[in-house]
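Down below is the structure, laid out as structure tokens.
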Amino acid sequence: MTGPLILLDKVSFKYRGSPDYAIKDISLKIHEGDFVLIAGPSGCGKTTLCRIFNGLIPNFYEGTFEGKAVVCGHDVTKTPTHILARYVGMVFQEPENQLFFSTVEKEIVFGLENLGLSREEIAIRLKEVVDYFNLHSILNKAPFELSGGEQQKVAIAACIAMKPKILVLDEPTANLDPVSAKEVIHLLHDLNRTLKITIVIVEHRLELIAPIATRLIVMYKGRIIFDGPTREVLSRKDLETYGVAPPKTVELYNRLCEKGVKLTKIPLSPQELRKEITGVVYAKGSRST
């Protein structure tokens, strides 16, 4: 399809029984191939926004919906969630809450059966995701037997088997150890690069996602405050005013700038920081000689 995969025009939503809007006047376009990081303090509307992308709002959560929301050409107010599920996969903070079956294989097959696919097509897709995610050794295990990182991998695999255009993840690394969190993020980066799946991820730990996200959206009190290329948004000095702590590499960059050390760009990873500092030291050494 041409045009944005996600189009929101002045969207507001207030949960039933709540006196306040969870999100207010959100206008947003997300295109094919984007890797979008959404950040902001707890309660700022990030999860509510994600629920619109897959139609849980307004089709499941009751409330007052205003504005226009179109996902993959479908008006979310007029499209059942089972239709939108063909285009948008959703992965939650705690994977065990969305894994219900007795084996990993059954978890993956369940969504495919709901799509009404033939047995042959289901078998093909099952093999594809098992190979891609290297699930061979855990295919017959129960989800509760798996580590948190393995559970999150299975939840993502079950979504990818349905071949969505968009994968939305709501703090997928929140309960993972650092090693498992890095593995999940590496997997998402690979899905975005190789399968061209659009990724939208809510995450507090910006240092994990910032190096690979093409775009950073900052929300505050239900509104989008900043939206732009990740490095550009992180260059703002007022991020913490809106409850967003920049990565340590950005903090160090700002301190170096205050002391008169000028780097060529804001480093988003330790590797970039090392390269920038090495370049400055080398340049100074060259001038001294």
Side-chain angles (χ1 to χ4, degrees), residues 4-12 22-53 93 166-174 181-182 184-186 188-189 191-193 197-258 261-277:
L5 293 182
I6 296 175
L7 171 63
L8 271 58
D9 185 20
K10 297 181 179 179
V11 170
S12 300
I23 58 172
K24 188 68 175 177
D25 294 327
I26 298 289
S27 293
L28 176 67
K29 293 180 181 179
I30 296 177
H31 295 84
E32 185 173 10
D34 282 351
F35 195 121
V36 182
L37 168 59
I38 303 178
S42 298
C44 71
K46 304 184 298 295
T47 296
T48 297
L49 181 61
C50 289
R51 288 171 177 168
I52 292 173
F53 297 156
Q93 180 176 340
I166 306 163
L167 184 62
V168 181
L169 306 101
D170 191 359
E171 298 194 47
T173 71
K182 287 183 179 180
V184 168
I185 297 309
H186 176 76
L188 296 177
H189 191 202
L191 289 171
N192 179 250
R193 288 184 304 171
I197 293 175
T198 299
I199 305 290
V200 180
I201 181 170
V202 172
E203 182 60 62
H204 281 295
R205 294 188 283 181
L206 300 192
E207 67 276 5
L208 285 174
I209 315 294
I212 59 176
T214 58
R215 180 175 170 191
L216 173 58
I217 293 173
V218 175
M219 296 186 67
Y220 187 73
K221 293 185 177 180
R223 298 176 183 270
I224 291 178
I225 304 300
F226 306 123
D227 180 4
T230 305
R231 206 179 302 271
E232 179 181 303
V233 174
L234 288 177
S235 69
R236 301 191 62 93
K237 301 296 191 295
D238 55 351
L239 276 181
E240 293 194 60
T241 304
Y242 300 102
V244 176
K248 296 299 183 183
T249 55
V250 176
E251 289 183 4
L252 181 55
Y253 168 84
N254 290 332
R255 291 181 184 180
L256 289 172
C257 287
E258 292 172 0
V261 179
K262 301 296 183 182
L263 305 183
T264 61
K265 63 181 180 182
I266 295 177
L268 300 183
S269 68
Q271 292 78 14
E272 283 190 356
L273 178 61
R274 186 186 308 115
K275 184 176 180 180
E276 287 292 310
I277 292 176

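Note that the structure is predicted; figures quoted are calculated from it, not measured. In what follows, every heavy atom counts, from backbone to side chain, and hydrogens, waters and symmetry copies are set aside.
- Using a distance-only test at 3.5 Å, with no hydrogens or angles considered, no donor-acceptor pair links the side chain of Thr214 to the main chain of Asp34.
- Under a 3.5 Å cut-off, the side chain of Asp227 and the backbone N or O of Val218 do not form any donor-acceptor pair.
- No more than 12 heavy atoms of other residues, nucleotides or ligands shown are found within 6.0 angstrom of NE2 on His186.
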Taking it one step at a time, do Tyr220 and Val244 satisfy side chain to side chain contact (heavy atoms under 4.5 Å, CB included)? CA-CA 9 Å; Tyr220 187 73; Val244 176; over 6 Å; no

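- For the pair Asp9 and Ser27, the minimum side-chain heavy-atom distance is below 4.5 Å.
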Is there a side chain to side chain contact (heavy atoms under 4.5 Å, CB included) between Val11 and Leu28 once you walk through the steps? CA-CA 9 Å; Val11 170; Leu28 176 67; over 6 Å; no

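- Atom NZ of Lys221 and atom SG of Cys44 lie 11.5 Å apart (nearest 0.5 Å).
- Atom CG of Leu263 is separated from atom CG of Leu252 by 8.0 Å, given to the nearest 0.5 angstrom.
- Looking at every heavy atom in both residues, Glu32 comes nearest to Leu5 through CA-CD1, 3.7 Å.
- Summarising the geometry of Lys265 relative to Tyr253, their closest heavy-atom pair is O-CE1, 3.7 Å, with the distance given to 0.1 Å.
- Between the side chains of Glu276 and Thr264, at least one donor N or O sits under 3.5 Å from an acceptor N or O.
- The CG atom of Leu239 sits 6.0 Å away from the CZ atom of Phe226 when rounded to the nearest 0.5 Å.
- In this structure the side chain of Lys275 never reaches within 4.5 angstrom of the side chain of Pro267, judged on heavy atoms.
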Take Asp170 and Lys46 through the salt bridge (charged side-chain N to carboxylate O under 4.0 Å, His left out) test and state the conclusion after the steps. CA-CA 8 Å; Asp170 191 359; Lys46 304 184 298 295; over 6 Å; no

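- Side chain of Arg205 to main chain of Ala181: no donor-acceptor pair is present (N/O by atom type, distance under 3.5 Å, no hydrogens or angles).
- Between Thr47 and Val202, the closest side-chain pair of non-hydrogen atoms is not below 4.5 Å.
- To the nearest 0.5 Å, atom OG of residue Ser42 and atom CD of residue Glu171 are 6.5 Å apart.
- Two residues are said to be in side-chain contact when any heavy atoms from C-beta on lie closer than 4.5 Å; Arg215 and Ile30 meet this criterion.
- Across all non-hydrogen atoms, the minimal contact from Gly222 to Ile26 is O-CD1, 3.6 Å.
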Please step through side chain to side chain contact (heavy atoms under 4.5 Å, CB included) for the pair Ile209 and Phe35, ending with a clear verdict. CA-CA 9 Å; Ile209 315 294; Phe35 195 121; 3.6 Å; yes

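- For the pair Pro41 and Tyr242, the minimum side-chain heavy-atom distance is 4.5 Å or more.
- The distance from atom CG of Leu169 to atom CD of Glu203, rounded to the nearest 0.5 Å, is 9.5 Å.
- Considering all non-hydrogen atoms of both residues, Ala39 and Leu206 come closest at CB-CD2, 3.7 Å.
- Residue Ile185 comes nearest to Leu208 through the heavy atom pair CG2-O, 3.5 Å, listed as atom of the first residue, atom of the second, then distance.
- Within the 4.5 Å cutoff, the side chain of Thr198 has no heavy atoms near those of the Ile6 side chain.
- Rounding to the nearest 0.5 angstrom, the gap separating the CD1 atom in Ile52 from the CG atom in Leu8 is 5.5 Å.
- Residues Lys248 and Leu273 form no side-chain contact, since every pair of their non-hydrogen atoms from C-beta on lies 4.5 Å or further apart.
- Distance alone, capped at 3.5 Å, is enough to place a donor-acceptor pair between the Asn192 side chain and the Ile197 backbone.
- Residue Lys24 places its NZ atom among more than 12 non-hydrogen atoms of other residues, nucleotides or ligands, all under 6.0 Å distant.
- At a threshold of 4.5 Å between non-hydrogen side-chain atoms, the residues Phe53 and Val200 count as touching.
- The minimum heavy-atom distance linking Ala213 with Leu37 is given by the pair CB-CB, 3.9 Å.
- Put simply, the side chain of Thr249 never gets that close to the backbone of Pro270: no donor and acceptor are under 3.5 Å apart.
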Dump the intermediate steps for side chain to side chain contact (heavy atoms under 4.5 Å, CB included) on Ile212 and Arg193, then the final yes or no. CA-CA 10 Å; Ile212 59 176; Arg193 288 184 304 171; over 6 Å; no

